[in-house]
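Numbered from 1 within each chain, the chains take letters A, B, ... in sequence-line order.
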Number of protein chains: 4
Amino acid sequence: MRKTPRQQRSREMVNRLLDATAATLAERGLDHTTTNHIAERAGVSIGSLYQYFPDKNALVEALLERMAEEASARFRYRAERADFSQMDLRSVASLAIAYGMQRMSADPVVRELVQNWNRIPIRKLLDPLERFFLVMAQPYFLHRYRDYPVQNLEAKLYVLINAVLFTVIHFHEQENPVIRQDQLIQTLTDMIVGLLEAPQPASPNG
Amino acid sequence: MRKTPRQQRSREMVNRLLDATAATLAERGLDHTTTNHIAERAGVSIGSLYQYFPDKNALVEALLERMAEEASARFRYRAERADFSQMDLRSVASLAIAYGMQRMSADPVVRELVQNWNRIPIRKLLDPLERFFLVMAQPYFLHRYRDYPVQNLEAKLYVLINAVLFTVIHFHEQENPVIRQDQLIQTLTDMIVGLLEAPQPASPNG
Amino acid sequence: MRKTPRQQRSREMVNRLLDATAATLAERGLDHTTTNHIAERAGVSIGSLYQYFPDKNALVEALLERMAEEASARFRYRAERADFSQMDLRSVASLAIAYGMQRMSADPVVRELVQNWNRIPIRKLLDPLERFFLVMAQPYFLHRYRDYPVQNLEAKLYVLINAVLFTVIHFHEQENPVIRQDQLIQTLTDMIVGLLEAPQPASPNG
Amino acid sequence: MRKTPRQQRSREMVNRLLDATAATLAERGLDHTTTNHIAERAGVSIGSLYQYFPDKNALVEALLERMAEEASARFRYRAERADFSQMDLRSVASLAIAYGMQRMSADPVVRELVQNWNRIPIRKLLDPLERFFLVMAQPYFLHRYRDYPVQNLEAKLYVLINAVLFTVIHFHEQENPVIRQDQLIQTLTDMIVGLLEAPQPASPNG
DNA sequence: CATGAATGAGTATTCATTCAT
DNA sequence: AATGAATGAATACTCATTCAT
C-alpha cells in the first residue's frame, strides 16, 4: 500500500505547520503572523502550506483543535494521578485555577489565541475543554448528588468556565491589576464554590 | 464672542466623527474599519478627520470615553429611578444583567469594542464603569454591612465585573449557545449572590 | 496718507514670515517644512501667509534674496575694514574661504538651503554673491593687471566660485571627510592662486 | 541545476527594476518618483518590487552602485584604448572633462542623482569614481614624481573631483550660463593643471 | 507534489492650497 | 484684511493567495 507513508508524511507536514503557526503566533502575535512567516518557519514553501490548509484561518483552527486535544490529555493525566473524588470542591477548584494560570503564563500561544478569541473560532478550543470538565466533574457531582443536588449543572459550568477563563486572561493582560494573584485565585474559588455548593432552593430555572 | 460657535462646530465635528467611527465599527468590525471609511461616513474629508484626531487610535479612544460617559449617565439615571437600596441583591443583580445584555444586543458598537478588548485601550471604557458600579453599590453594602459584612469587596467586585462582562459578551457572540439567555441571567445572578451573600468564614485572604 | 503704515505693516509681516521660514528650515529641514509650520511659527494664520506669498516656493525665494542681501552687506563691511588691496591673493583667498566656512557652520539655514540647491532657485542666493565677488575683486585685479594680466577673468571667477562653494558644502555634509579642514582650505587656496596667478601663455581661449 | 535560471531571472528582474528606476528618475525627478511608478514602468507589480528591494532607498542605492560599476568599466575601457601615459596632463584633463560633460548631457539620470546628492548615499557613486581616478592617475604621477613631486595628492584629488563635478553639474543646470562650454572646459583644465603641476614650495601642509 | 515568484487591492497619514466667514 | 477649517490627491509599503514551472 502506498497510502500509509503518504498519510504519515502528510501528518508530519501538518504538524510541522501547526508548530510553526504556534511559534509564530507566540513570537509575533496574531496580527503580525503571516502565512509566509509560518511556511518559512516550518521550512516549507508557501505553496505547500496552501496544499494542506485552504487558508490562514484553517491553520489557526487546526491549531486550536490540536491544542484542545493536548489540553484534554494533560488534564486527564493529572486527573488520574490526583484522586479528585477524594478532595473537596474548594481544593479542586483552587488547584485547577492555579494550574490553569500557570499554564497560561507558560504558554504565550494560549494567551495570544484567547486574547483574540473574537477573531478566531475559539470554541474549537473551549468546547472540548468545557465538555472535558463536565465529564471530569461528573463523578464528583454524582457522588454528592443525593445530598446536594446541583441544578442546572450545564449552565453553571458554562458560566464558570467563561467567567474564570476571561477573568484570568484579563488579569494576566493588565499591567497593574488592582488585586493580587492570590486574591484572584481565592475569590474565583469562592465564586465557584458559592455557585456550585450553596443550596439554591430559590432557583426555579430550567 | 467668536469662540463659542467655533467650539460648537468643533464639537459637532468631533461628534460626527465619533458617530461615524461607531457606525463603521459596528458595520465592518475593527479590523476592516479604516480612517477613510470613517471620514466618508462622517461626510467629511480624510484631511479633516486628521485635523481633529491625530490617528486612528485616538478616534477609538475618544469613542470609548464618550461611551463610558454615556453609559455612566444612563446607569445613574436608572439608579435614581429605581430605588436599588430597597431591593434585595438578587433583584438588583438580575436587573442589572438583563439591562446590560439588552444594551449589548442593542449596541453592536459595544460588542465590537469589547470583543477587541485586547487591541484597544478598553480600560477607558471599563474603568469608569467599574468605578461607577463600585460607587453605586457602596450604599447597598454599607447598609447591609452590619448583618452581612462582605470581606474583600474590591477583589470580589473585580472578579464579578470581569466574569459577568466577558461571559455575557461571549454568550452574545455565539451563534448556538449551549444555554438559553434566561438560564444565563439566572446563573450569573446566582453566582453574584453566591459570592457576595454567602457567609465566608473560611476565607482568610488579605 | 494711509499708505505708509500699511506698507510698513506689510513689510513687518513679510519679515516675520521670512524669519519663520528660516527658523523652520533650520529646525526641520526643507523636506519637513510646511507652510502651516511657517505660519504658526510666524504667529500668523495660514491664510495670511498666502496673502503675502503666492506659494511655498515664493517664500523660499524671498528668503534667499534677503539672505543674499545680508551676505553682501556683511562682506562689504568686512571688505571695508580689511584693506584687501594691500594683501596678496593667497591671503585674501585663504581668509575668504575660512570666513565662508565659518559662516556655513554657524548658519544652519544656509546649509539647509545650499544642500537643496537643486530644489530651490539657488541662483537667487548665488548670483548676487557671484556678482559681488566679481565687483569686489575687480579693483584688486585691475591693480595688478599690468604685472599679471588675468585672461578670462569672468570664466575663472565663475569656475572658482562654483568650485569652492560646492566643494566646501560637500565637505561640510560629509560625516567622515577623507581630508582635514585645514587641508581643504590650503588646497582650495592653492587652486585659486594656481588659476589666477600662474602665467597662462598657452590659453588661447576667447 | 536549478539555481542558475532562477538567479538569472532574479538578476533580470533587478535590472529591469533598476532600469525603470533610472527612467522614472530621469523623467519625473527624485521627488516625484514613486515606487508604484517604478514598478509600473518595469512592467512588474508593486509587490514584486518589494520582493527584490526592501524600500525605495535601496532601489536608488542599488542604481547608484550599478552606475558606478558601469562608469568604471567605461573609463577603464577608454583608458585602455588611449594611452594616457603618453599624453600630458593638460590633454588628459581636458579630454576627461569633455567626456564627462558629454556623458552628463547624455544621461539625465546622472544629473538627477547628483543634483540630489544630499538626499541619497551619493558616495556610493562618487567613491568608486574617486578611487578609479586615483588608480588611473597613478602611473602618470609615478612617472612625473621624481621631477615634480605632488604634495598632498589625496587632498588635491578630493578637491578637484568635487570642484569639477559640481561646477559642471551646476553649469548644466543653468539655463543661461554666463560662460560658454568651451570656456568652462578650458578653465577647468587650467585649474587642474595649475593645482597639480605648478611648483608649490610654499605649501607647508601636512 | 513542491516551489516561490508574482500579484495588487488595501491602509494610514501628509500637506499645499482654497474659500466661506 | 485676516482667519483657519476643510480639502483630497498622493505615497510607501503589506500580505493572503495563485499558478506556472
Side-chain angles (χ1 to χ4, degrees), chain A residues 6 9-10 13 28 31-40 43-59, chain B residues 2 5-7 9-10 12-14 31-40 42-59, chain C residues 6 9-10 13 28 31-40 43-59, chain D residues 2 5-7 9-10 12-14 17 28 31-40 42-59:
Chain A
R6 202 178 282 172
R9 266 224 293 174
S10 166
M13 176 71 98
R28 321 179 61 109
D31 272 322
H32 299 107
T33 290
T34 75
T35 49
N36 283 289
H37 283 145
I38 294 172
E40 193 182 2
V44 158
S45 77
I46 179 68
S48 291
L49 184 153
Y50 275 91
Q51 207 110 43
Y52 288 93
F53 295 94
D55 56 23
K56 191 186 177 182
N57 195 51
L59 219 32
Chain B
R2 255 259 219 55
R6 202 173 287 171
Q7 279 192 355
R9 264 225 290 176
S10 168
E12 264 173 40
M13 174 71 100
V14 163
D31 274 322
H32 300 106
T33 289
T34 75
T35 49
N36 284 291
H37 284 144
I38 294 173
E40 194 180 0
V44 157
S45 77
I46 180 65
S48 290
L49 183 153
Y50 276 92
Q51 207 125 41
Y52 287 93
F53 295 94
D55 54 23
K56 190 185 174 180
N57 195 52
L59 220 31
Chain C
R6 202 179 281 174
R9 265 226 292 175
S10 167
M13 176 71 99
R28 320 178 61 109
D31 274 323
H32 300 105
T33 290
T34 75
T35 49
N36 283 289
H37 284 144
I38 294 173
E40 193 183 1
V44 159
S45 77
I46 180 65
S48 291
L49 183 154
Y50 276 90
Q51 207 111 45
Y52 288 94
F53 295 93
D55 55 23
K56 190 186 178 182
N57 196 52
L59 219 32
Chain D
R2 257 260 219 53
R6 203 173 286 170
Q7 279 192 354
R9 266 224 290 175
S10 169
E12 262 173 42
M13 175 70 100
V14 164
L17 284 169
R28 320 180 59 111
D31 272 321
H32 300 105
T33 290
T34 75
T35 49
N36 284 291
H37 284 144
I38 294 173
E40 195 181 358
V44 156
S45 77
I46 181 65
S48 289
L49 183 153
Y50 277 92
Q51 207 126 40
Y52 287 93
F53 295 94
D55 56 23
K56 190 185 175 181
N57 195 51
L59 221 30

DNA chain F: A:His32 or B:Ser45, which has the more 5' nearest nucleotide?
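Upstream on the strand: B:Ser45.
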Looking at [X] and [Y], what are the two nearest heavy atoms and their distance?
| X | Y | value |
| --- | --- | --- |
| B:Val44 | B:Leu49 | CG1-N, 4.0 Å |
| A:His37 | A:His32 | ND1-O, 3.4 Å |
| C:Tyr50 | C:Asp55 | CE2-CA, 4.0 Å |
| B:Lys56 | B:Thr33 | NZ-O, 2.8 Å |

In whole angstrom, give the distance that lies between atom [atom1] of [X] and atom [atom2] of [N].
| X | N | atom1 | atom2 | answer |
| --- | --- | --- | --- | --- |
| C:His37 | E:dT17 | NE2 | C1' | 16 Å |
| D:Leu17 | E:dA5 | CG | C1' | 13 Å |
| A:Leu59 | F:dA16 | CG | C1' | 12 Å |
| C:Asn36 | F:dA6 | CG | C1' | 12 Å |
| D:Asp31 | F:dA10 | CG | C1' | 13 Å |
| D:Glu40 | E:dT7 | CD | P | 13 Å |

DNA chain F contacts among residues 47-57 of chain C, heavy-atom distance under 4.0 Å
C:Gly47, C:Ser48, C:Gln51, C:Tyr52
Span that lies between the C1' atom of E:dC1 and that of F:dT21, in whole angstrom:
13 Å
Only Watson-Crick and G-U wobble pairs with both distances less than 3.5 Å should count. Give DNA chain F in dot-bracket notation, marking inter-strand partners with |.
.||||||||||||||||||||
How would you list, by chain and number, every residue that makes a salt bridge (charged side-chain N to carboxylate O under 4.0 Å, His left out) with D:Asp31, sequence neighbours excluded?
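Salt bridge (charged side-chain N to carboxylate O under 4.0 Å, His left out) check on D:Asp31 returns C:Arg119, D:Arg119.
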Roughly how far, to the nearest 0.5 Å, is the CZ atom of C:Arg28 from the OG1 atom of C:Thr34?
6.5 Å
Starting at CD of B:Gln51, measure out to CE of B:Met13 and round the result to the nearest 0.5 Å.
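These two atoms lie 8.0 Å from each other.
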Upstream residue (5' side of DNA chain E) when D:Ile46 and B:Thr34 are each assigned their closest nucleotide:
D:Ile46
Test item: D:Val14 and D:Phe53 side chains (from C-beta on) under 4.5 Å apart, heavy atoms:
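SC-SC contact between D:Val14 and D:Phe53 confirmed.
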Kindly say if C:Thr35 contacts the phosphate of E:dC15, meaning a side-chain N or O under 4.0 Å from OP1 or OP2.
no
